[in-house]
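A short worksheet on the structure shown next.
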Amino acid sequence: MKPAPFDYHRPGSVAEAVETLAATGGKVLAGGQSLVPIMSMRLAAPVALVDINRLPGLSEIEVDGGRVRIGALVRHRQLEQHEAAYAANPLLRRALSQVAHPTIRNRGTTVGSLVHADPAAEMPAVLALLDGSVGVVGKTAGERTIAAADFFVGPLESALQSDDLAVTATFPTPPAGTGSSWIELARRHGDYAMVGVGALVRLVDGAVESARVSLISVGLTPVVVEVTETCAGAPYDRVDWQAAQDAIVAAIEPEGDIHASAQYREHLARVLSARALQQALDDGAAKEAA
Amino acid sequence: MTETPHDITLTLNGTPRRLSVPARRLLSDAIRHDARLTGTHVGCEHGVCGACTVLVDGQPMRSCLMFAVSADGAEITTTEGCTTATGGLGPVQQAFRDCHALQCGFCTPGFITTITAFLETNPDPTEDEAREAIGGNLCRCTGYQNIVAAVLRAAQIQREQSQLQGEQGQPA
Ligand SMILES: Cc1cc2nc3c(=O)[nH]c(=O)nc-3n(C[C@H](O)[C@H](O)[C@H](O)COP(=O)(O)OP(=O)(O)OC[C@H]3O[C@@H](n4cnc5c(N)ncnc54)[C@H](O)[C@@H]3O)c2cc1C
Ligand code: FES
Ligand code: FES
């Protein structure tokens, strides 16, 4: 099917974009890789679209000691291939390489994926795992920063209001000695994952100092589980993830659908979590040794 | 609702084309219906199959997931543009023919554009890299084996051509 008619606006500045959103009640068009299919299937029929693709100053990737900050027009692929961002935080590339296919990543924006807030999407879970944030400019609520913990409200629902434009996302760099990993299982490579897990494990003097995971497709939003209590102090070559797995399974609420039953998702969450934690641990140990 | 037409310019395979389109016109439909270049195919129309893939400013993108008005001013390359300078079969097209990499041909235009862009950044791919490169394109006929072979064959044709060019000191 074809999208329903809408009024098209292409503002020249962030301020004008926000004014136009407020005046028209329209929606933001970024990469369109989620919005256009939804419109073609007539699951959405916005009265107006505000195309932000030509807004100046939103395509930058800034990397400094503490963080990777991206503008709203940074495409998934641009961030994936950015060497300084990879050096600062390899988790970004590891997760981005699992987002759809390269052709989709050429157009889709990472900030758009955060706002879209699909509980099966990788980057919301990565932002949540890293305790990142989204920078927003709104007509009603003004300029502000929203922490990941408050940003993902429900399935396909972020904390943004209808006259808000997300302008940046900030991914804090984990402290030295932290290893990271991303693992997921999909029916076909490039599909949304049945379950995906990102993990961070920090080692200090060869022992686990902290560990946490973030899971996709097992709840209404990304599910972050702090598992430090289950493994803190364990020497890096003798960590048992059993207690962490139990804590993770207790925290998730998977649902069944055409791709996987709830029970199978629970099984995957258990198995993939242990693998992701072990990989993050190995990554951290390799960094400590280096 | 009367729809306001938008005047846009697309450079299609090197030729600037002025089109007047409603906002909701998909780029795929603008290419096929308004510009009458029917080489680009439309399968799923929601980003999954890859048949509609064209190069937008050199990068493969789904033309069914873009509005034409949003692409105003862009350089678009379709499968019709993946030829040699004189209009003969381009290296990827030639390789598809050599390797029998198409049967019904519905998926082919999306493969041709995707592989053309891929070989620009990776002129000497391994078989694994070739498979990864076409991972976002579906084909219901061939079983992919011959398409993978065609990626490698196209790379070979390109290498041979640039070698020839080097020897003759002039473009082929
Ligand atoms: C075949 C296919 C497979 C895919 N597979 C995956 C996958 O495995 N994992 C995954 O994570 N994603 C996947 N995606 C989705 C892809 O990652 C999208 O790029 C992303 O979800 C949305 O980014 P976008 O820039 O395209 O946003 P758009 O589609 O333009 O917008 C999405 C929504 O966010 C809003 N929005 C966008 N940007 C802003 C902003 N700056 N401020 C305010 N609101 C904004 C829009 O109004 C809209 O509601 C897939 C898409 C396709 C077509
Ligand atoms: S028609 Fe565009 S991806 Fe299938
Ligand atoms: S040749 Fe028929 S779909 Fe690929």
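Below, chain A is the first sequence line, B the second, and so on; all start at residue 1.
At a 4.5 Å heavy-atom cutoff, A/I38 makes no contact with chain B through either its backbone or its side chain. For a residue to count as touching a neighbouring chain, one of its non-hydrogen atoms must lie under 4.5 Å from one of that chain's; by this rule A/L29 touches chain B with the side chain only. Contact of B/D72 with chain A is made through backbone and side chain together, with heavy-atom distances under 4.5 Å. The part of A/M41 that comes within reach of chain B is its side chain, from C-beta onward, which places non-hydrogen atoms under 4.5 angstrom from that chain. Contacts between B/F67 and chain A at a heavy-atom distance below 4.5 Å involve the side chain alone, from C-beta outward. For a residue to count as touching a neighbouring chain, one of its non-hydrogen atoms must lie under 4.5 Å from one of that chain's; by this rule B/S70 touches chain A with backbone and side chain alike. If you measure heavy-atom distances from A/A4 to chain B, the contacts under 4.5 Å come from the backbone alone. With a 4.5 Å cut-off on non-hydrogen atoms, B/P60 touches chain A through its backbone and its side chain both. With a threshold of 4.5 angstrom between heavy atoms, B/C44 does not approach chain A through any atom at all.
At a threshold of 4.5 Å between non-hydrogen side-chain atoms, the residues A/K2 and B/D29 count as touching. Using a 4.5 Å cut-off on side-chain heavy atoms (C-beta onward), B/R24 and A/P5 make contact. Taking the side chain as every heavy atom from C-beta outward, B/V56 and A/N106 never approach each other to under 4.5 Å. Within the 4.5 Å cutoff, side-chain heavy atoms of A/I104 are placed close to those of B/R62. When side chains are defined from C-beta on, B/M66 does not count as touching A/V36, because their heavy atoms never get closer than 4.5 Å.
Open room surrounds CD on A/E255; 12 or fewer heavy atoms of other groups in view lie less than 6.0 Å from it. Around NE2 of B/H100, the count of heavy atoms belonging to other residues, nucleotides or ligands within 6.0 Å does not exceed 12.
In this structure, the separation between OG on A/S40 and NE2 on B/H46 is 9.5 Å, given to the nearest 0.5 Å. Taking NE2 from A/H101 and OG1 from B/T114, the interatomic distance works out to 11.0 Å, rounded to the nearest 0.5 Å. Note that CE of B/M61 is 8.0 Å distant from CD of A/Q33, once rounded to the nearest 0.5 Å. We find the CG-CG distance between B/L65 and A/L35 to be 10.0 Å, quoted to the nearest 0.5 Å.
Distance alone, capped at 3.5 Å, is enough to place a donor-acceptor pair between the A/R10 side chain and the B/V69 backbone.
Contact count against chain B (heavy-atom pairs under 4.5 Å) is highest for A/P37 among A/P37, A/G32, A/G31, A/P102. In terms of heavy-atom pairs under 4.5 Å with chain B, the best-connected choice from A/M39, A/R54, A/H189 is A/R54.
Of all heavy-atom pairs spanning A/F6 and B/A23, the tightest one is CZ-O, 3.4 Å.
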